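Heads up: the structure comes next, in structure tokens.
Keep in mind it's a predicted model, so treat the numbers as computed, not measured.
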Amino acid sequence: MTVPGSLPQWILLLAHDPAKGRVRVGTNLGAMVRAAALADLYLSGHLTDTNGRATVGTRRPCADPVLSTLLDDIAGSRPRKWQSWVDRRQHATVVAVRRQLADDGWVRLEPYRMLGIIPRTRVTLRDPRVRKELLGRVRSALKDPISRVEPADAALVTVVVAGGLGLVLDRRARRDARRRIQELADISGPIGPALRKSIEASAAAAG
């Protein structure tokens with residue numbers, strides 16, 4: 001089945017609880033979406049890892065506007081660690097990816113006010129089969145021979161695990177598949193560790 005074209009779009013769809021029409025409280029959505037965007041650019045060769053820092057690789061144009069904006073930011077900046085790029089512009093990236101999904105017809109956006117005061121946006125997936133397909137890709141990546149796992153699916157699992165997205169994989173599932181998860185993380189390069197460090201730093205600052 002056809003799914004959206006980028007990893008950050010996949011993560012946003014998986015993070016939204018279809019029963020509630022929103023992301024669960026405590027979900028590290030911004031960090032995961034940013035990490036997914038970096039993973040997408042890394043797997044496509046647009047970014048490479050140079051001494052633990054994200055650097056521009058291929059100069060081929062990037063067709064996705066959200067990914068292209070991130071790539072331009074990295075190209076115009078001094079070399080920074082991957083975590084630094086996960087930390088930056090999280091809310092803006094989530095809003096851009098969500099708008100992208102709506103413009104392409106994957107979701108319907110409904111503004112509302114929580115408690116009648118706080119502005120929020122309810123996200124409704126137009127075809128629930130899309131999210132089921134993405135969940136199926138996660139399951140297949142954990143079970144299929146590693147040689148048959150697509151790099152994008154490996155990165156998807158890596159972001160889900162590093163981001164602690166229990167709606168997709170709970171602690172028991174992550175524990176039972178620990179060895180395979182590490183194999184998938186190896187395919188995904190520096191993204192998993194950068195995402196974990198970003199989340200840990202945010203939690204420490206909040207505490």
I'd like to check [X] versus [Y] (side-chain heavy atoms, cut-off strictly below 4.5 Å). Are they in contact?
{"X": "Thr93", "Y": "Thr69", "result": "no"}
{"X": "Val123", "Y": "Arg22", "result": "no"}
{"X": "Ser44", "Y": "Thr58", "result": "no"}
{"X": "Arg89", "Y": "Arg34", "result": "yes"}
{"X": "Asn28", "Y": "Leu195", "result": "no"}
{"X": "Val107", "Y": "Thr124", "result": "no"}

Gap between atom CZ of Arg196 and atom CD of Gln83 - 0.5 Å precision
11.5 Å
I need the minimum non-hydrogen distance between [X] and [Y], along with the two atoms involved.
{"X": "Gln90", "Y": "Ser198", "answer": "NE2-OG, 3.9 Å"}
{"X": "Arg113", "Y": "Pro119", "answer": "NH1-CD, 3.7 Å"}
{"X": "Ala39", "Y": "Leu7", "answer": "CB-CD1, 4.0 Å"}
{"X": "Gly57", "Y": "Thr48", "answer": "CA-CG2, 3.9 Å"}
{"X": "Trp10", "Y": "Pro4", "answer": "NE1-O, 2.7 Å"}
{"X": "Leu71", "Y": "Cys62", "answer": "CD2-CB, 4.3 Å"}

Checking Thr27 now: which residues fulfil side-chain hydrogen bond (donor to acceptor under 3.5 Å, both in side chains) with it, not counting sequence neighbours?
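Residues passing side-chain hydrogen bond (donor to acceptor under 3.5 Å, both in side chains) with Thr27: none at all.
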Kindly write out the residues that satisfy side-chain hydrogen bond (donor to acceptor under 3.5 Å, both in side chains) with Asp103, not counting sequence neighbours, or none if the list is empty.
Arg99
Those residues that, when tested against [X], pass salt bridge (charged side-chain N to carboxylate O under 4.0 Å, His left out) (two or more places apart):
{"X": "Asp73", "result": "none"}
{"X": "Arg180", "result": "Glu183"}
{"X": "Arg129", "result": "Asp127"}

Between the side chains of [X] and [Y], does any donor sit under 3.5 Å from an acceptor?
{"X": "Ser6", "Y": "Asp40", "result": "no"}
{"X": "Asp64", "Y": "Gln9", "result": "no"}
{"X": "Gln182", "Y": "Asp186", "result": "yes"}

When you group the ILVMFWY residues by side-chain heavy-atom contacts below 4.5 Å and let the links chain together, are Tyr112 and Val95 in the same group?
no
Do Leu109 and Leu125 belong together in a cluster built from hydrophobic side chains that touch within less than 4.5 Å?
yes
N/O donor-acceptor pair under 3.5 Å between Arg131 side chain and Asp17 backbone:
no
Donor-acceptor contact below 3.5 Å, side chain His16 vs main chain Leu12
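Yes; at least one donor-acceptor contact below 3.5 Å.
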Table please: side-chain donor-acceptor pairs of residues 148-172 below 3.5 Å, with sequence neighbours left out.
| residue | atom | partner | partner atom | Å |
| --- | --- | --- | --- | --- |
| Thr158 | OG1 | Ala154 | O | 2.9 |
| Thr158 | OG1 | Ser188 | OG | 3.0 |
| Asp170 | OD1 | Arg172 | N | 3.3 |
| Asp170 | OD1 | Ala173 | N | 2.8 |

For the pair Val97 and Ile11, evaluate side chain to side chain contact (heavy atoms under 4.5 Å, CB included) and give the outcome as yes or no after the intermediate values.
CA-CA 10 Å; Val97 172; Ile11 287 295; over 6 Å; no
Trace of the side chain to side chain contact (heavy atoms under 4.5 Å, CB included) decision for Thr55 with Asp49
CA-CA 6 Å; Thr55 55; Asp49 180 66; over 6 Å; no
From CA spacing to verdict: side chain to side chain contact (heavy atoms under 4.5 Å, CB included), Trp85, Arg80
CA-CA 7 Å; Trp85 292 111; Arg80 298 178 185 274; 3.4 Å; yes
Set out, in order, the CA-CA distance, both residues' side-chain angles and the distance that settles side-chain hydrogen bond (donor to acceptor under 3.5 Å, both in side chains) for Glu110 and Thr121, then state yes or no.
CA-CA 5 Å; Glu110 302 172 72; Thr121 301; over 6 Å; no
If you measure from the Lys or Arg side-chain nitrogens to the Asp or Glu carboxylate oxygens, is any gap between Arg137 and Glu133 under 4.0 Å?
yes
